[in-house]
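Have a look at the structure below before the remarks.
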Amino acid sequence: MMPIQLNVSTMLERAELLFPRKTVISRTLHQVHRLTYKEIGERTRRLSSMLAKLGVEPGDRVGTFGWNHHRHLEAYFAVPGLGAVIHMINIRLSPEHIVYIINHAQDKVLLVDEDLLPLFEKLKDHLPTVKAYIVMSDSTEVASSSLEPLYSYEALLAEGDPKFQFKKDIDEYSPAGLCFTSATTGNPKGVEYTHRALVLHSLAIGLADTLALSESDVCMPVVPMFHVNAWGLPYAATWFGSSQVLPGPRFTPEILAELIAGEKVTVTAGVPTIWLGLYNVLSQGRYDTGSLRAVVCGGSAAPVSLIRSYEDKLGIPFYHAYGMTETTPLVTVARLKSYQENLSREEQLELRAKQGVLVPGLEMRVLGANGDVKWDGQEMGELLLRGPWIAKEYYKDDTSAHVFDDGWLHTGDIATVDPEGFIKLVDRTKDLIKSGGEWISSVDLENAIIDHEAVFEAAVVAVPSEQWAERPVACVVLKEEYKGRVAKEDILNFIAPKFPKWWLPDDVIFMDEIPKTSVGKFLKRKLREQLKYHLTKPV
Ligand code: ADP
């Protein structure tokens, strides 16, 4: 067969050639834009040509700092189209981490959303590698700013070449994208995505047994474009000619509901917190969501109650998926096998609340204290992964080389595997609770607690115990209408039938809010810190 190199820009070229009339709907600060793939293609070529004029060369990094919108999508293709690397910067990182990753990546040019620009005025003196800033806004004017030199995205595009040719002879193993993990500990770690990884990952998203993304879909990635390539959806959707809806800056659940109903979105993807918020709006019945064929939920565990709410109360199919920055990210999707359709609804939900089955193309091991675990749904071990879209190292950083020992990615996720191959994450290695030499899964306890009708959110963390080393303590946020009306015992009695006695939390603490990371995951480190002396008194 032909030794054709896989290349990100060929995905856009297919959309230009075969789907020029299909549209991208993009919400920005001031309006909702509708662009065809023909227009997106020309604008992307214009952007590539102007980046080249600004001195971007193959291998250089170009940073983006923006929400989900068409300009960000154009940069997704324009930068790799030059053989350069798009570095999607997480806008929710701390200023110190933003400075660290821009310097570590040595970004040459930064594309920044207009509402996020003021942040860079404060950081600019710490960013020696950045040679130019481009403000992404609807205007061709540049607001007065201390950033130098500062260009208007639209003014640059007006000057650009709509027929610019993307670079052809790119080695498929060369990098096209770069994302940093959101760092719950230490400095963020970079993961470089090769052209090959992004193309093969897009294929995986299109498979019928994964997300089955296709031309007939209207795909709305709610997951940010600065977080693991918006789970690869913008690349795959463009390649397949799906319509795309990019929800833009500072959206609310109401805005998402309007976009779903107005644009007839069929597939959308995001973290559980987004879907919890949206459920509260959709359950009021004001929006027509009949077009939705899949709400994809990942990034943290999807509680079974959330799956049940969407499917049984709203009639919207809800899919649980799992992955991480290091895996581009798609690793598993929880879809039933054909013969599992005969199971009872409760048995099916139990399976579908697991992280699911490995997608084609990847290999896994689950490694316990005594080697590979038994596939009995009981024995716990660390999930190891290998495959063409799994990272083999961190970007210019060997402080965590053990993560890639023996040619496998050690995910740091503790899992069980059932006899059907369904993976269930029971914890992060660092969040497992080690009580009296045994492991307790904080995730299992959280899922059980969240099933209580009064509970909005729950996080269970290990708290030091003199007798047992660690014991679980549950932090619970009640729904508004239940505040003050539910006691600790109600929660403990509710979950007691599901667990051995020694698994039950030693305490339940009601809180107004659970601290979260920049991407909306529970910040358990902070909870552990707050509760350090909860069960023992400080000496
Ligand atoms: P971070 O930068 O915080 O690592 P990632 O998105 O890369 O952000 O996070 C990956 C981690 O998120 C996984 O290792 C896993 O612990 C958790 N995660 C992702 N998806 C799921 C899921 N469906 N269920 C439970 N945990 C998940």
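In each ligand, atom 1 is the first atom listed, and ligand 1 is the first ligand listed.
- The H227 neighbourhood of ligand 1 comprises atoms 6 (O), 8 (O), with distances under 4.0 Å to a heavy atom of that residue.
- Ligand 1 places these atoms under 4.0 Å from at least one heavy atom of R428: 13 (C), 14 (O), 15 (C), 16 (O).
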What side-chain donor-acceptor pairs closer than 3.5 Å can you find for residues 398-409, not counting sequence neighbours?
| residue | atom | partner | partner atom | Å |
| --- | --- | --- | --- | --- |
| T399 | OG1 | D397 | OD1 | 2.5 |

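- Tested against Y395, the residues E192, K189, R61 include a single side-chain hydrogen bond (donor to acceptor under 3.5 Å, both in side chains) partner, R61.
- Annotation: cation-pi pair R352/Y319 present, NZ/CZ under 6.0 Å from the ring centroid and within 45° of its normal.
- Contact atoms of ligand 1 toward G323: 10 (C), 13 (C), 19 (C), 20 (N) (distance under 4.0 Å to a heavy atom of the residue).
- Between H87 and F180, a ring centre-to-centre spacing shorter than 6.0 Å is recorded.
- Closest heavy-atom approach to atom 18 (N) of ligand 1 within the set G299, P272, A334: this belongs to G299.
- In this structure, Y100 and H104 have parallel ring planes: the angle between them is below the 30° cut-off, well short of the 60° mark.
- Comparing W231, F180, Y322 by heavy-atom distance to atom 21 (C) of ligand 1, the nearest is Y322.
- If you look at T325 next to ligand 1, the close heavy atoms, those under 4.0 Å, come from the backbone and the side chain alike.
- Interface atoms of ligand 1 facing L425, defined by a heavy-atom separation under 4.0 Å, are 25 (C), 26 (N).
- Annotation: cation-pi geometry not satisfied between K526 and F522 (NZ/CZ under 6.0 angstrom from ring centroid, within 45° of ring axis).
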Donor-acceptor pairs are to be reported for all side-chain atoms of residues 274-281 against protein atoms at under 3.5 Å, with residues two or more places apart or in another chain.
| residue | atom | partner | partner atom | Å |
| --- | --- | --- | --- | --- |
| W275 | NE1 | G270 | O | 3.1 |
| W275 | NE1 | V296 | O | 3.2 |

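- Proximity of A321 to ligand 1, defined as any heavy-atom pair under 4.0 Å, is confined to the backbone N, CA, C and O atoms.
- Considering backbone and side-chain atoms together, K521 places an N or O closer than 3.5 Å to an N or O of ligand 1.
- Inclusion of A301 in the set of residues having an N or O under 3.5 Å from an N or O of ligand 1 is warranted.
- Close contacts of ligand 1 with T181, meaning ligand atoms under 4.0 Å from a residue heavy atom, involve 2 (O).
- Applying the 6.0 Å contact sphere to NZ of K374 captures no more than 12 heavy atoms from other residues, nucleotides or ligands.
- Atom CD1 in I98 sits 7.5 Å away from atom CG in N90 (nearest 0.5 Å).
- Counting heavy atoms under 4.0 Å from ligand 1, residue M324 touches it through both backbone and side chain.
- Which parts of ligand 1 touch H320 is read off a 4.0 Å heavy-atom cut-off, strictly below it: atoms 22 (C), 23 (N), 24 (N).
- The N/O atoms of T411, backbone and side chain alike, include none that comes under 3.5 Å of an N/O atom in ligand 1.
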